[in-house]
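A, B, ... follow the sequence lines: proteins, then strands. Residue 1 opens every chain. What you see below is based on every heavy atom in this structure, not just the backbone, and it leaves out hydrogens, waters and symmetry mates. The model shown is predicted, which means the values in this text are computed figures rather than measured ones.
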There are 2 protein chains.
Amino acid sequence: MTHSHSETVHSPDEMTQRAYELLKESGFKLTKKRRELIDIFSNDQRYFKATEIHERLSADRPTMSYNTTYRNLYDFAEIGILEMTEYNQEQMFKVSCFPNTHHHHFICTQCGKVIPIHACPMDQVESDLSGAEIQSHRFEVFGLCPQCAQAG
Amino acid sequence: MTHSHSETVHSPDEMTQRAYELLKESGFKLTKKRRELIDIFSNDQRYFKATEIHERLSADRPTMSYNTTYRNLYDFAEIGILEMTEYNQEQMFKVSCFPNTHHHHFICTQCGKVIPIHACPMDQVESDLSGAEIQSHRFEVFGLCPQCAQAG
DNA sequence: CTCTTTGCAAAACATTTGCATGCCT
DNA sequence: AGGCATGCAAATGTTTTGCAAAGAG
């Protein structure tokens with residue numbers, strides 16, 4: 001086990017604590033199901049499909065129902081516990097990077113792992129967009145991570 | 001009517017001809033329904049929802065069925081007649097930019113209009129991604145276009 | 001004790017598929 | 001004529017909703 005990209009990989013405990021704080025700040029209750037959900041994301045800081053999450057939660061323990069899973073995933077994304085994006089025609093979820101400095105991601109389309117990208121294109125675009133009201137931007141690079149590229 | 005961003009707005013005829021060529025090259029037949037579909041996109045070079053397209057096709061003429069609409073939208077995206085992206089939790093479609101030089105877009109989240117962005121961040125990211133196999137990238141800026149910003 | 005969260009079931013919605021008929025080339 | 005395109009209807013898959021019961025603070 002090497003620690004590549006250790007700059008953005010935090011310990012499960014750190015991520016879990018951060019998630020609990022965000023729940024509290026936003027007035028959500030900390031339930032057993034939510035703890036299980038947060039555990040999955042904290043222990044594997046990559047992108048998951050909603051169905052993958054639901055399967056994991058159903059594996060050994062009593063199932064978390066689909067609607068509760070979805071409700072929590074989307075709620076968590078809204079309050080900043082999770083990052084959400086879409087690729088391979090699927091909605092994907094990952095625990096938010098922490099600390100939350102602005103950055104972008106390379107995302108492995110096979111395993112969901114991310115590699116941080118420090119360049120941000122926004123400083124070069126303002127000139128093209130005078131008069132427009134910028135709300136958000138998205139910059140993502142997709143491909144195979146070094147591990148998946150070797151395996152394939 | 002001013003011609004802002006005229007560099008990427010081509011005449012409906014140009015877009016239509018280009019679409020017909022792409023259909024032919026890819027072995028698809030040019031049907032009446034497909035011509036209607038292409039007309040909509042050529043005459044309004046912005047992003048549309050699939051449902052919006054379907055409604056337009058159903059407005060005065062005999063309806064194009066949903067499955068034919070979807071089949072064609074996704075087929076057209078695959079052969080390069082359309083560009084496809086996702087925002088506001090919806091799959092959106094727009095006629096491809098022509099000529100097809102590499103660039104990115106500001107997209108108005110209200111009306112679907114686009115403004116080209118000429119900067120591409122990819123030249124700055126390679127160093128972060130050694131060992132990875134890059135397949136694609138996505139860079140999009142969202143907000144309100146000058147017209148929608150003023151109206152709102 | 002109160003209010004949120006959860007489960008269940010069903011609804012809503014978007015997309016896909018199989019198959020018979022119809023239309024381009 | 002032959003093969004792709006289309007419509008219909010139904011299946012699929014994902015996300016949402018309403019409501020009663022259970023759990024957290």
Participant: Strictly below 4.0 Å, N to O, side chains only: are E21(B) and R18(B) in salt-bridge contact?
Facilitator: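 Salt bridge present between E21(B) and R18(B).
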Participant: What about the rings of H104(B) and H137(A), do their centers lie closer together than 6.0 Å?
Facilitator: no
Participant: Let's see if you get this right: which residues in residues 79-92 of chain A place a heavy atom under 4.0 Å from DNA chain C?
Facilitator: none
Participant: How long is the line joining NZ of K32(A) and C1' of dG25(D), in whole Å?
Facilitator: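 Rounded to the whole Å, the gap is 18 Å.
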Participant: Using whole Å, report how far NE2 of H54(A) lies from P of dG13(D).
Facilitator: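 Taking atom P of dG13(D) as the reference, NE2 of H54(A) is at 15 Å.
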Participant: Give, ordered by number, those residues of residues 70-78 of chain B having at least one heavy-atom distance below 4.0 Å to an atom of DNA chain D; if nothing qualifies, reply none.
Facilitator: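 By residue number: R71(B), N72(B).
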Participant: Counting just side-chain N and O atoms, does S65(A) come under 4.0 Å of either OP1 or OP2 of dG7(C)?
Facilitator: yes
Participant: Kindly assign one of parallel, tilted or perpendicular to the pair F142(A) and Y87(A), based on the angle between their ring planes and the thresholds 30° and 60°.
Facilitator: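 F142(A) vs Y87(A) ring planes: tilted.
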Participant: E52(A): what forms a side chain to side chain donor-acceptor pair (under 3.5 Å) with it, not counting sequence neighbours?
Facilitator: R46(A)
Participant: Any side-chain donor paired with an acceptor under 3.5 Å for H118(B) and H102(B)?
Facilitator: no
Participant: Output every pair passing salt bridge (charged side-chain N to carboxylate O under 4.0 Å, His left out) with a member in residues 93-105 of chain A, not counting sequence neighbours, ordered by first then second residue.
Facilitator: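 Every pair satisfying salt bridge (charged side-chain N to carboxylate O under 4.0 Å, His left out) with a residue in residues 93-105 of chain A: there are none.
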Participant: When the ring centroid of Y47(A) is compared with that of F93(A), is the distance short of 6.0 Å?
Facilitator: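 They do not qualify: ring centres at least 6.0 Å apart.
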Participant: Within a reach of under 6.0 Å around CD of E78(B), are more than 12 heavy atoms found that belong to other residues, nucleotides or ligands?
Facilitator: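 No, CD of E78(B) has 12 or fewer neighbouring heavy atoms, counting only those of other groups under 6.0 Å.
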Participant: Would you say T68(B) reaches dA5(D)'s phosphate, i.e. side-chain N/O to OP1/OP2 under 4.0 Å?
Facilitator: no
Participant: Apply salt bridge (charged side-chain N to carboxylate O under 4.0 Å, His left out) to E90(A) and list each qualifying residue two or more places apart in sequence or on a separate chain.
Facilitator: K49(A)
Participant: In whole angstrom, what separates E52(A)'s CD from dT14(D)'s C1'?
Facilitator: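 So the CD-C1' distance, E52(A) to dT14(D), works out to 16 Å.
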Participant: Figure out the CD1/P separation between I53(A) and dT14(D), and round it to whole Å.
Facilitator: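 Rounded to whole Å, this separation is 14 Å.
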Participant: Ring-plane angle category for F98(B) and H10(B), please: parallel below 30°, perpendicular beyond 60°, tilted otherwise.
Facilitator: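 Rings of F98(B) and H10(B): tilted, 30 to 60°.
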Participant: Over how many whole Å does the gap from L57(A) atom CG to dT5(C) atom P extend?
Facilitator: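 Rounded to the whole Å, the gap is 17 Å.
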Participant: Y66(A) OH to dG13(D) P: how many Å, rounded?
Facilitator: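 That distance rounds to 10 Å.
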Participant: Measure the shortest side-chain to side-chain distance between E25(A) and Y20(A) over non-hydrogen atoms and say whether it is less than 4.5 angstrom.
Facilitator: no
Participant: Starting the side chain at C-beta, find the nucleotide from dT6(D), dC24(C), dA24(D) nearest to T31(B).
Facilitator: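 For the T31(B) side chain, the nearest candidate turns out to be dT6(D).
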Participant: With the threshold set at under 4.0 Å for non-hydrogen atoms, list the residues of residues 22-30 of chain B touching DNA chain C in residue-number order.
Facilitator: K29(B), L30(B)
